[in-house]
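Quick notes on the structure that follows.
Small disclaimer: the values here were computed from a predicted structure and weren't measured. All values below come from the heavy atoms of this structure, side chains included, with hydrogens, waters and symmetry mates left out.
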Amino acid sequence: MRSPAELDDVRWSDLTHAYGPAEDVPELIRALYEDDEEAADEAIYELYGNIHHQGSIYQASAPAVPFLAHAVLHAPGRREDLLMLLAVLADHDPDFVESPRWPGSHTAAICAELREVLPELLPCLGDTGRGVRRAALRTVAAVADVLPDELRALAVERVDALYADDPVPAVRADALIVLNRLGRTLEPLDSPLPEVRLAAAQLAAERSGPPYAPELVEVFAEDGAEPDPGDDDYPWSDTTTQDRRLTDLLTREPDVALTVAARWIAAGDIGSRGSWLAGGIAEKWRDREHEVLDLLLTALPHHDEPNALLRTIGHWMGHVPEPGADLRDTLHRYAGAADEFAEPALLALVNSRDPRALELVVERPTAHLLEAAARHFPEAADRLIPVIRRELAAGATGNDGIALVQALDPFGTAAAVTARSELVDCLRTRRAAIVAARRLGSNGVRTPEITDLLLDATRSSDPSLRGTAAVAHHRLTGDPSAALLVYEELLSSKGQTHWYLSGLEPLGGAAAPLLPLVEPLLEAGYDWTRKAAAEAHHWITGSPDRAVPVLAELAGPSPVGISALKALAATGRSPEELHPALRSYVASPKRLLPDSPFSGQDHPDDELRTLSRMLLMLG
C-alpha cells in the first residue's frame with residue numbers, strides 16, 4: 001500500500017486516463033481523507049469516471065490501486081465504495097489471462113497491484129458493515145483466478161468463515177460464489193437459507209448449461225421470487241449483478257423461464273421480477289408473445305404503478321395477430337381511467353387494434369397516439385385526419401410534429417392534400433420540416449407557394465432538409481437541376497453520405513449525372529455507405545448488376561444487413577449463395593437481432609425473418 005505522502009513520487013502527468021493526462025488523480029485521492037463528505041463523494045465519483053470510465057481502464061488505473069487500498073483502510077467512511085472501485089478496476093474474463101495480450105495489459109497491471117495489497121485488505125471481510133463485507137468479497141473475487149497458492153489458501157480460509165457464520169444470508173450467498181471462484185466447488189441446494197440455495201442453483205446451472213435439472217428449476221421458482229435489495233449496489237467482477245445473471249440463465253431455456261416467471265408473478269411480482277423475466281423471453285425467443293402477454297396480464301394487478309408494464313404490453317401487443325379479449329378488456333379499463341396510466345394503456349389498446357381505442361384517442365389525442373391509430377385504423381381517415389390537422393395547426397414541434405406528419409402516411413395522398421395548409425406551415429416554420437417536405441413532394445399538388453418554399457429549403461443550413469426539399473421540388477416540377485446541384489454538394493462532403501444517398505430514389509434516372517460520385521462509394525469502408533450506394537446505383541441505372549454483389553455481402557442479422565436485404569428484395573434478385581444463410585434466419589427459434597428504440601414499429605428480427613422468406617421465394 002502507498003500513503004498519500006507518496007502520491008508525488010508518481011509522475012501522474014506522464015500517465016493518462018479517460019480525459020487525458022492524469023494530473024488530477026493525486027488531488028482526488030487526497031480528498032478521500034478529508035472531513036468534507038461532499039468533496040470525498042465527488043472524488044469517488046470522479047475516480048469512477050476517469051480511471052474507470054464505462055468499463056474502460058487506462059495507464060493511470062494500476063498506479064492508483066495501492067493508494068486506493070490505503071484509503072480503504074484509512075479514509076473515513078469510504079471503505080465500501082473504494083472496495084467496489086478496486087473490484088471493477090480488476091474486472092476481467094478469466095480466459096483473457098491465457099491470451100498473449102495479457103502480459104503488459106492495463107488489466108494485468110491492475111490485478112498485479114491488487115494481488116500485492118490483498119493480504120492487507122482481507123480483514124475487511126470481517127468488517128461490522130454488511131456492505132463492506134459484500135464489497136470485500138467482490139474485491140477478492142475480482143482476482144480469484146490469478147492468486148498464488150498461498151494467498152489463495154488464505155483467502156479461502158477467510159471467505160469460508162463468512163460462508164459458515166455470517167449473520168446476513170446475502171453475505172453467505174456471496175461467500176459461496178467467491179469460494180467457487182477460488183476453486184472450492186460447493187452446491188448446497190439443501191441449505192436452510194433461500195439466498196444460499198439460490199446462489200448454489202445458479203452456480204450449478206452455469207456449470208451444466210441447459211436443459212436445467214428439475215431440482216434447480218424448483219429452487220429458481222421458489223427462492224428467486226424476491227430480489228436481493230442490495231443487488232444493484234454490488235455487481236460482480238464482470239459488472240453484472242447476480243439478478244441479471246439469473247435472468248440470463250433462465251432465458252436460455254424459454255419453457256423453464258415461462259414456468260419460473262409465472263411462479264414469481266403469482267408470488268406478487270416483487271420488484272417486477274416475473275414480468276421483467278417474461279419480457280426477456282419475448283425479446284430472446286420467437287413466437288412466444290402470446291404466452292408472455294398472458295403472463296403480463298396476470299402481473300398487472302400486482303402493480304400500483306404499472307406504467308412500465310403497460311408499455312411492455314403495448315410493445316408486444318403489436319406483434320400478435322389476435323390479442324386476447326381478456327387483455328384488451330383490461331387495457332380498455334386502464335385506458336378509460338383519468339390517471340397517469342391511461343396513456344400507455346391506450347397506446348397498448350391501439351396496438352391491439354381494438355376499435356374502442358379510436359373514441360378514446362379522438363377524445364385525448366397525443367401525437368404518438370394519433371400516429372399509432374392511423375397505422376392500425378387506416379379506414380378511420382374521416383375521424384383521425386381532422387384531429388391530426390388540428391394538432392399540427394396548434395404548433396406541434398420536434399418529435400411530436402414529426403409523428404403527426406407521419407400519421408398522415410397511412411391515409412395516402414388524399415390525406416396529405418387535405419392537410420396541405422398544415423404541411424406548408426410546417427415547412428415554412430421549420431417544424432418537422434423534413435417529413436413535411438417529403439410529404440408535400442409526394443402528394444402531387446403543385447402551387448407556386450409550395451415550390452418556392454421547397455426551393456428556399458434547398459438553401460437551408462440543414463443538409464438533410466436541403467436534400468429532401470430538392471428531391472420534393474423535382475417530384476413536383478420535373479426539373480432535376482436543383483436536386484442535382486444540392487446532391488453534388490452533399491455527396492462530395494465528408495458527412496453522413498449514406499443518409500443523403502437514401503433520398504435519391506424519387507430522382508431515378510434523372511440522377512445519372514451523379515453516378516461518378518456514387519460509383520466510388522460502392523467500395524467505401526463504411527458498410528452503411530456501401531449499402532446506400534448500391535441501392536442508389538440500382539435506382540439510377542435500373543440495373544441491379546453492380547448493386548447485388550455489394551448487398552449480398554452485407555446481408556445478414558444486423559441493422560445494415562436488414563437494410564441490405566430490403567434493397568435486395570427491391571432488385572428482384574436472390575443470389576443462390578445467400579440461400580443457406582437465409583434458411584437459417586427463417587428457421588432459428590431464437591431471435592437473431594434485439595429490438596432497438598431506433599428500429600421503428602417492427603421488431604428487426606421479425607423483419608429479418610420476413611425478408612429472408614421473401615428472398616427465398618424469389619430464388
Residue pairs passing the side chain to side chain donor-acceptor pair (under 3.5 Å) test where at least one lies in residues 185-202, sequence neighbours excluded: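 As it turns out, the side chain to side chain donor-acceptor pair (under 3.5 Å) pairs with a partner in residues 185-202, which skip direct neighbours, are Glu187-Arg207, Arg197-Asp223.
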
Do you know which two heavy atoms are closest between [X] and [Y], and how far apart they sit?
{"X": "Pro227", "Y": "Asp243", "answer": "CB-OD2, 3.6 Å"}
{"X": "Pro94", "Y": "Asp145", "answer": "CA-OD2, 3.5 Å"}
{"X": "Ala90", "Y": "Leu114", "answer": "CB-CD2, 3.8 Å"}
{"X": "Leu137", "Y": "Ala175", "answer": "CD1-N, 3.8 Å"}
{"X": "Leu147", "Y": "Arg152", "answer": "O-NH2, 3.2 Å"}
{"X": "Pro100", "Y": "Pro103", "answer": "O-CD, 3.5 Å"}

Residues Arg263 and Glu218 bridged, charged N to O under 4.0 Å: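 Salt bridge between Arg263 and Glu218, a charged N being under 4.0 Å from a carboxylate O: yes.
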
Lys284/Asp605 salt bridge by N-O under 4.0 Å criterion: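 So Asp605 does not pair with Lys284 through a salt bridge.
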
Give a yes or no on whether the backbone of [Y] and the side-chain of [X] come within a donor-acceptor separation of less than 3.5 Å.
{"X": "Arg172", "Y": "Asp166", "answer": "yes"}
{"X": "Ser588", "Y": "Tyr585", "answer": "no"}
{"X": "Asp91", "Y": "Ala87", "answer": "no"}
{"X": "Arg591", "Y": "Arg286", "answer": "no"}
{"X": "Ser272", "Y": "Ser275", "answer": "no"}
{"X": "Ser563", "Y": "Pro559", "answer": "no"}
{"X": "Arg530", "Y": "Gly525", "answer": "yes"}
{"X": "Arg133", "Y": "Thr128", "answer": "yes"}

I need the [X] [atom1] to [Y] [atom2] distance, nearest 0.5 Å.
{"X": "Ser61", "Y": "Leu89", "atom1": "OG", "atom2": "CG", "result": "5.5 Å"}
{"X": "Ile281", "Y": "Arg252", "atom1": "CD1", "atom2": "CZ", "result": "14.5 Å"}
{"X": "Leu68", "Y": "Leu47", "atom1": "CG", "atom2": "CG", "result": "6.0 Å"}
{"X": "Thr298", "Y": "Asp269", "atom1": "OG1", "atom2": "CG", "result": "8.0 Å"}
{"X": "Arg134", "Y": "Leu162", "atom1": "CZ", "atom2": "CG", "result": "12.0 Å"}
{"X": "Asp174", "Y": "Ile177", "atom1": "CG", "atom2": "CD1", "result": "5.5 Å"}

Considering residues at least two apart in sequence or located in another chain, which fulfil the side-chain contact (heavy atoms from CB on, under 4.5 Å) criterion with [X]?
{"X": "Leu179", "answer": "Val156, Val159, Asp160, Tyr163, Arg184, Leu186"}
{"X": "Ala40", "answer": "Arg78"}
{"X": "Ala267", "answer": "Ala225"}
{"X": "Glu291", "answer": "Leu258, Arg288"}

Counting only heavy atoms not in [X], do more than 12 fall under 6.0 Å of its [atom1]?
{"X": "Trp12", "atom1": "CH2", "answer": "yes"}
{"X": "Asp36", "atom1": "CG", "answer": "yes"}
{"X": "Gln242", "atom1": "CD", "answer": "yes"}
{"X": "Glu305", "atom1": "CD", "answer": "no"}
{"X": "Asp9", "atom1": "CG", "answer": "yes"}
{"X": "Arg30", "atom1": "CZ", "answer": "yes"}
{"X": "Glu206", "atom1": "CD", "answer": "yes"}

Asp606 and Arg609: CA distance, side-chain angles, deciding distance, side chain to side chain contact (heavy atoms under 4.5 Å, CB included) verdict: CA-CA 5 Å; Asp606 292 341; Arg609 183 162 52 170; 4.1 Å; yes

Taking salt bridge (Lys or Arg N to Asp or Glu O under 4.0 Å) as the test, write out the residues that go with [X], two or more places apart.
{"X": "Asp232", "answer": "none"}
{"X": "Glu46", "answer": "none"}
{"X": "Glu6", "answer": "Arg2"}

Side chains of [X] and [Y] in contact at under 4.5 Å (non-hydrogen atoms):
{"X": "Asp93", "Y": "Ser99", "answer": "no"}
{"X": "Pro235", "Y": "Arg244", "answer": "no"}
{"X": "Pro169", "Y": "Val196", "answer": "no"}
{"X": "Pro21", "Y": "Leu15", "answer": "no"}
{"X": "Glu215", "Y": "Val219", "answer": "no"}
{"X": "Ile51", "Y": "Ile57", "answer": "no"}
{"X": "Val550", "Y": "Lys531", "answer": "no"}
{"X": "Leu277", "Y": "Leu246", "answer": "no"}

Sequence neighbours excluded, every pair satisfying ring-ring contact (aromatic ring centres under 6.0 Å, His included) that has a member inside residues 16-44: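 Pairs touching residues 16-44 that pass the test: Tyr19-His53, Tyr33-His70.
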
Inter- and intrachain pairs under ring-ring contact (aromatic ring centres under 6.0 Å, His included), touching residues 114-161, at least two apart: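 Non-adjacent pairs meeting ring-ring contact (aromatic ring centres under 6.0 Å, His included): zero.
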
Whether His498 and Tyr526 hold their rings parallel, tilted or perpendicular, with breakpoints at 30° and 60°: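 If you compare the ring of His498 with that of Tyr526, the planes turn out perpendicular.
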
Worked verdict on Ser13 versus Glu23 for side chain to side chain donor-acceptor pair (under 3.5 Å): CA-CA 5 Å; Ser13 60; Glu23 297 165 326; 4.7 Å; no

Ring pair (Phe, Tyr, Trp, His ring centres under 6.0 Å) against Trp264, all qualifying residues, sequence neighbours excluded: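 Not a single residue meets the ring pair (Phe, Tyr, Trp, His ring centres under 6.0 Å) criterion with Trp264.
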
Set of residues satisfying ring pair (Phe, Tyr, Trp, His ring centres under 6.0 Å) with respect to Trp102, sequence neighbours excluded: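 Expected list: His92, Phe96.
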
Criterion side chain to side chain donor-acceptor pair (under 3.5 Å) against His603, the qualifying member of Glu283, His315, Glu289: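 Only one option passes, and that is Glu283.
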
Cation-pi, Trp236 ring and Arg138 (6.0 angstrom, 45 degrees):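 Output yes; distance and angle both within limits.
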
